[in-house]
Amino acid sequence: MNAKERRKAERAAKQEAYEVSKTTAAATSKIGSKTTAADAVGEVAVAAPVAAPASHGGGGAGSSGGGGGSSTGGDGSTGGGPEASAALEVANAATASSGSLFDGVPSDAPLPKLIVFDLDATLWEPELYQLRHLEGYQKCGKPGPVANTDVSLTEGGRAVLEALATDERFVASGCKLAVASRNTKGPWAEQLLKDFEIQSKSLDERIMFKEIYQGEKTKHFSELKTKSGIEYNDMIFFDDALNGKFGNCEKVAALGVLSCHTPDGLTVELFKLTLNTYAKLRAEGGDLAQVVK
């Protein structure tokens with residue numbers, strides 16, 4: 001079996017496992033056992049507005065995905081291996097199916113026009129720089145990492161993406177998806193986006209705008225604004241790196257983009273909280289230069 005056939009087989013197996021987990025979660029819900037994303041909302045907070053930096057120039061030499069200097073903890077980053085347990089998948093599916101991602105957001109509330117995700121340690125794990133054992137690592141050569149074997153979508157990441165793919169309000173809103181990644185393994189990241197599927201459609205097809213290269217993410221967002229024609233105050237952003245040399249959330253928030261810190265990867269709870277925070281701030285004319293935690 002060549003690399004392409006292997007990727008296809010792995011994708012099919014993962015999708016089958018996920019469909020089984022959703023069926024199990026639905027059955028659990030019918031007998032009165034509920035898993036809700038709202039339970040933890042009261043324990044999360046919104047940070048104070050971030051002061052804008054003197055300049056928003058892009059392109060530093062550092063990368064949150066590169067070498068041992070990763071903002072998410074070097075080789076100890078983000079727990080869990082490439083294979084998620086069936087129990088976690090069932091629990092996650094139940095969380096996703098417990099209600100719309102827009103629960104609590106008034107029907108007439110303004111919604112973001114662009115939702116931007118980081119990749120490493122936010123939508124998937126492990127971080128690609130950690131895959132030094134794979135053939136072609138130095139030059140990001142083929143065959144590269146196999147989706148759902150070498151790299152897996154995080155539990156919350158898959159739940160959010162599945163929900164967005166089927167949520168009537170999201171689809172009707174016309175909101176678009178984007179990625180902003182400082183990944184040092186761009187070719188691998190681009191291939192993985194083609195290999196991961198949500199509702200029989202690749203992430204590459206679902207995500208309209210992709211900015212994947214090293215440097216400050218203020219540059220990524222400048223490009224997203226130019227290419228999409230969408231203003232910063234119409235965007236929300238999810239990233240595992242908060243601040244410091246390899247931080248992203250605070251720097252992007254300073255542009256006027258409501259940002260969410262996802263230290264343990266994207267979760268349904270944080271996604272819902274960020275949507276609700278965005279709707280509330282826009283309705284009240286509040287300052288969006290904040291980091292949701």
Side-chain angles (χ1 to χ4, degrees), residues 37-38 40-58 64 71 100-119 122-123 156 160 164 167 169-170 172-182 207-209 211 216-244 247-263 266-293:
V41 169
E43 298 180 8
V44 286
V46 179
V50 182
S55 66
H56 295 145
S64 63
S71 62
S100 167
L101 292 176
F102 296 89
D103 283 350
V105 179
S107 59
D108 60 346
L111 298 177
K113 296 179 181 178
L114 187 68
I115 300 175
V116 187
F117 300 106
D118 172 46
L119 292 176
T122 298
L123 276 190
V160 168
L164 288 177
D167 191 288
R169 185 174 178 185
F170 173 76
S173 74
C175 179
K176 299 176 176 61
L177 302 181
V179 295
S181 172
R182 298 171 65 171
I207 297 171
M208 181 169 291
F209 303 101
E211 299 295 319
E216 295 287 353
K217 286 199 179 178
T218 48
K219 175 175 173 55
H220 295 64
F221 273 81
S222 176
E223 290 296 316
L224 287 173
K225 180 181 177 183
T226 298
K227 293 175 181 178
S228 69
I230 296 172
E231 298 296 324
Y232 291 139
N233 63 1
D234 286 319
M235 303 179 186
I236 57 175
F237 174 50
F238 299 87
D239 197 296
D240 65 295
L242 179 60
N243 52 24
N248 302 307
C249 290
E250 291 190 351
K251 296 173 185 176
V252 171
L255 298 174
V257 178
L258 182 66
S259 301
C260 176
H261 183 217
T262 61
L266 180 62
T267 66
V268 172
E269 294 91 341
L270 282 174
F271 190 89
K272 285 186 173 184
L273 177 65
T274 305
L275 273 182
N276 277 274
T277 301
Y278 177 87
K280 184 174 185 293
L281 290 172
R282 285 302 303 267
E284 297 175 352
D287 186 3
L288 292 166
Q290 301 187 27
V291 179
V292 177
K293 296 180 181 178

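Quick note: numbers below take in every heavy atom, side chains included, and nothing from hydrogens, waters or symmetry partners.
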Measure the spacing between [atom1] of [X] and [atom2] of [Y] and express it to the nearest 0.5 Å.
X      : Y      : atom1 : atom2 : answer
Phe271 : Cys260 : CZ    : SG    : 9.5 Å
Leu266 : Leu119 : CG    : CG    : 11.5 Å
Thr122 : Phe238 : OG1   : CZ    : 10.0 Å

Is the shortest side-chain heavy-atom distance between [X] and [Y] below 4.5 Å?
X      : Y      : answer
Leu242 : Lys293 : yes
Ile115 : Cys175 : yes
Lys217 : Asp239 : yes
Met235 : Val252 : no

For Ser181 and Asp118, indicate whether the former's side chain and the latter's backbone hold a donor-acceptor pair under 3.5 Å.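 A pair under 3.5 Å: no.
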Counting N and O atoms only, with roles assigned by atom type, does the side chain of Thr226 sit under 3.5 Å from a partner on the main chain of Ser222, one being a donor and the other an acceptor?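 Between the backbone of Ser222 and the side chain of Thr226 there is a qualifying donor-acceptor contact (under 3.5 Å).
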Residue that, paired with Ile236, satisfies side-chain contact (heavy atoms from CB on, under 4.5 Å) out of Val257, Leu275, Val116: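 Exactly one option meets the side-chain contact (heavy atoms from CB on, under 4.5 Å) with Ile236, and it is Leu275.
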Could you please spell out the steps behind the side-chain contact (heavy atoms from CB on, under 4.5 Å) verdict for His220 and Arg182? CA-CA 9 Å; His220 295 64; Arg182 298 171 65 171; 4.1 Å; yes
Which pair of non-hydrogen atoms, one from [X] and one from [Y], has the smallest distance, and what is that distance?
X      : Y      : result
Val292 : Thr274 : CG1-OG1, 3.9 Å
Lys113 : Ile230 : O-CD1, 3.7 Å
Leu281 : Asp287 : CD1-O, 3.7 Å
Ala109 : Ala279 : CB-CB, 3.8 Å
Lys227 : Phe209 : O-CE2, 3.8 Å
Lys251 : Thr218 : O-CG2, 3.9 Å

Using the rule given for side-chain contact (heavy atoms from CB on, under 4.5 Å), can you reason through Phe117 versus Thr262, listing the C-alpha separation, both sets of side-chain angles and the distance that settles it, and then say yes or no? CA-CA 10 Å; Phe117 300 106; Thr262 61; over 6 Å; no
Charged N to carboxylate O below 4.0 Å: is that the case for Asp234 and Arg282?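 Looking at Asp234 and Arg282, the cut-off is met.
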What orientation do Tyr232 and Phe221 show, parallel under 30°, tilted 30 to 60°, or perpendicular over 60°?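 Tilted, since the angle between the ring planes falls between 30° and 60°.
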